[in-house]
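Since the model is a prediction, treat every value here as computed from it, not as a measurement.
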Amino acid sequence: MTDLSAHRPAESSAPLHELIRDRWSPRVLDPKAEITDDQLRALFEAARWAPSWGNSQPARYLVGRRGDETFERIFATLTRGNKSWVAPAGALVLGIAKTRNDEGEPMPYAEYGLGLATQNLVLQAVAEGLVAHQMAGFSAEAAKAAFELPEGVEPLVAIAIGHFGDGADVDPSIVERDTKPRQRKPLSELVFGAGWGDPAF
């Protein structure tokens with residue numbers, strides 16, 4: 001099996017921890033590889049220990065393994081483009097923000113909290129030898145209906161978790177997307193010093 005990750009480390013202006021350097025979002029996944037209970041537990045334990053406003057922990061997740069009903073229900077909410085590659089994933093996850101507390105009051109920064117927790121989950125996936133591809137391409141309304149989600153929670157991201165595949169029997173256009181050079185804007189466009197637009201680095 002070709003390990004596509006070996007060809008795509010981040011090219012950075014400063015040394016990065018390998019978990020960050022090697023994290024990316026592949027679409028070529030191994031349809032035979034399984035994810036263990038211990039690996040999945042580690043991902044959600046990492047998410048549990050993310051910081052959140054007032055320790056409110058607004059992140060919630062639904063998880064399904066390839067072949068089970070939860071996987072299929074999450075899969076059904078995805079856009080056609082994501083459905084074209086995601087079936088070999090070992091697990092599908094729906095990330096949900098709890099936007100109201102148990103008294104029905106708004107939970108500040110719930111979306112931010114889910115983002116922090118999900119980044120922990122994704123980096124733990126790298127540590128476990130897995131990959132995690134986050135997707136905005138799904139129907140939140142379909143997810144609410146499929147899982148009968150209560151008021152005060154919002155599904156915000158779907159995540160495919162699996163192992164790198166070798167690209168055999170995969171649409172060449174998907175393999176091409178997974179082998180393009182990785183790009184990010186330079187720090188000079190992102191981090192400012194004396195004023196807006198004045199690069200700090």
Side-chain angles (χ1 to χ4, degrees), residues 4-5 8 10 19-20 22-29 35 40 43-44 46-48 50-53 57-66 70-100 106-126 130-165 170-171 173-185 189-190:
L4 296 176
S5 66
R8 306 198 73 194
L19 293 179
I20 298 171
D22 294 341
R23 186 223 63 81
W24 60 288
S25 302
R27 296 171 183 83
V28 176
L29 303 175
I35 300 173
L40 270 182
L43 267 57
F44 293 110
R48 184 170 78 97
S52 61
W53 175 84
Q57 294 184 260
R60 300 291 186 272
Y61 297 95
L62 284 162
V63 57
R65 295 175 178 275
R66 183 175 58 235
T70 301
F71 185 105
E72 294 303 323
R73 284 195 282 170
I74 296 173
F75 182 87
T77 72
L78 301 178
T79 61
R80 183 172 56 184
N82 284 329
K83 285 179 178 176
S84 71
W85 62 266
V86 83
L92 280 179
V93 173
L94 197 61
I96 301 165
K98 185 176 179 181
T99 59
R100 293 188 175 275
M107 290 258 281
Y109 307 110
E111 294 170 347
Y112 186 71
L114 175 63
L116 289 169
T118 300
Q119 180 68 350
N120 269 21
L121 182 156
V122 166
L123 292 177
Q124 185 66 34
V126 178
L130 303 169
V131 295
H133 187 125
Q134 300 169 76
M135 298 170 280
F138 77 102
S139 168
E141 292 307 312
K144 289 178 181 181
F147 293 101
E148 299 181 350
L149 298 183
E151 294 294 323
V153 300
E154 291 295 328
L156 296 178
V157 63
I159 311 161
I161 302 169
H163 294 261
F164 289 105
V170 175
D171 186 321
S173 67
I174 293 175
V175 175
E176 180 183 3
R177 292 172 76 181
D178 270 12
T179 52
K180 284 183 180 178
R182 297 174 60 194
Q183 294 182 336
R184 289 293 190 276
K185 296 180 186 296
E189 295 184 25
L190 304 175

Could you tell me whether the side chains of Ser25 and Arg23 share a donor-acceptor contact shorter than 3.5 Å?
-> yes

For Arg66 and Leu92, indicate whether the former's side chain and the latter's backbone hold a donor-acceptor pair under 3.5 Å.
-> no

All heavy atoms of Met135 vs all of Trp85, minimum pair found to be SD-CZ2, 3.7 Å

side-chain contact (heavy atoms from CB on, under 4.5 Å) with Ser52: which residues, sequence neighbours excluded?
-> Asn55, Ser56, Gln57, Pro58

Partners meeting salt bridge (Lys or Arg N to Asp or Glu O under 4.0 Å) with Lys98 (sequence neighbours left out) = Asp102

Any Leu121 side-chain heavy atom under 4.5 Å of Tyr61 side chain = yes

State which residues pass salt bridge (Lys or Arg N to Asp or Glu O under 4.0 Å) with Arg182; sequence neighbours excluded, sorted by chain then number.
-> none

Sort and list the pairs that fulfil salt bridge (charged side-chain N to carboxylate O under 4.0 Å, His left out) and have at least one residue in residues 74-88, not counting sequence neighbours.
-> none

All side-chain contact (heavy atoms from CB on, under 4.5 Å) counterparts of Ile20, not counting sequence neighbours = Leu16, Leu123

Phe44 and Val93, any side-chain heavy atoms less than 4.5 Å apart = yes

Applying side-chain contact (heavy atoms from CB on, under 4.5 Å) to Glu148 and not counting sequence neighbours gives none

Side chain to side chain donor-acceptor pair (under 3.5 Å) filter on Arg65, not counting sequence neighbours, yields Asp37

List in chain and number order the residues that pass side chain to side chain donor-acceptor pair (under 3.5 Å) with Thr77, two or more places apart in sequence or in another chain; answer none if no residue qualifies.
-> none

For Ala160 and Val86, the nearest pair of non-hydrogen atoms, with its separation, is CB-CG2, 3.4 Å

Can you see which heavy atom on Asp178 is nearest to which on Trp24, and at what distance?
-> O-CH2, 3.4 Å

Under a 4.5 Å cut-off applied to non-hydrogen side-chain atoms, are Leu156 and Glu111 in contact?
-> yes

Listed partners of Glu189 passing side-chain contact (heavy atoms from CB on, under 4.5 Å), at least two apart = Lys185, Pro186

Under the side chain to side chain donor-acceptor pair (under 3.5 Å) test, which residues partner Gln124, sequence neighbours left out?
-> Glu128

Could you label the plane-to-plane angle of the Phe75 and Phe71 rings as parallel, tilted or perpendicular, counting under 30° as parallel and over 60° as perpendicular?
-> parallel

Set of salt bridge (Lys or Arg N to Asp or Glu O under 4.0 Å) partners for Glu176, sequence neighbours left out | none

What pair of heavy atoms forms the shortest contact from Ala143 to Leu94, and how long is it?
-> CB-CD2, 3.7 Å

Looking only at non-hydrogen atoms, find the nearest pair between Val63 and Ala91 and report the distance.
-> CG2-CB, 4.4 Å

Exercise: identify the closest heavy-atom pair between Val122 and Ala132 = CG2-CB, 4.0 Å

Do the side chain of Thr99 and the main chain of Gly152 share a donor and acceptor less than 3.5 angstrom apart?
-> yes

Side chain to side chain donor-acceptor pair (under 3.5 Å) filter on Arg73, not counting sequence neighbours, yields none

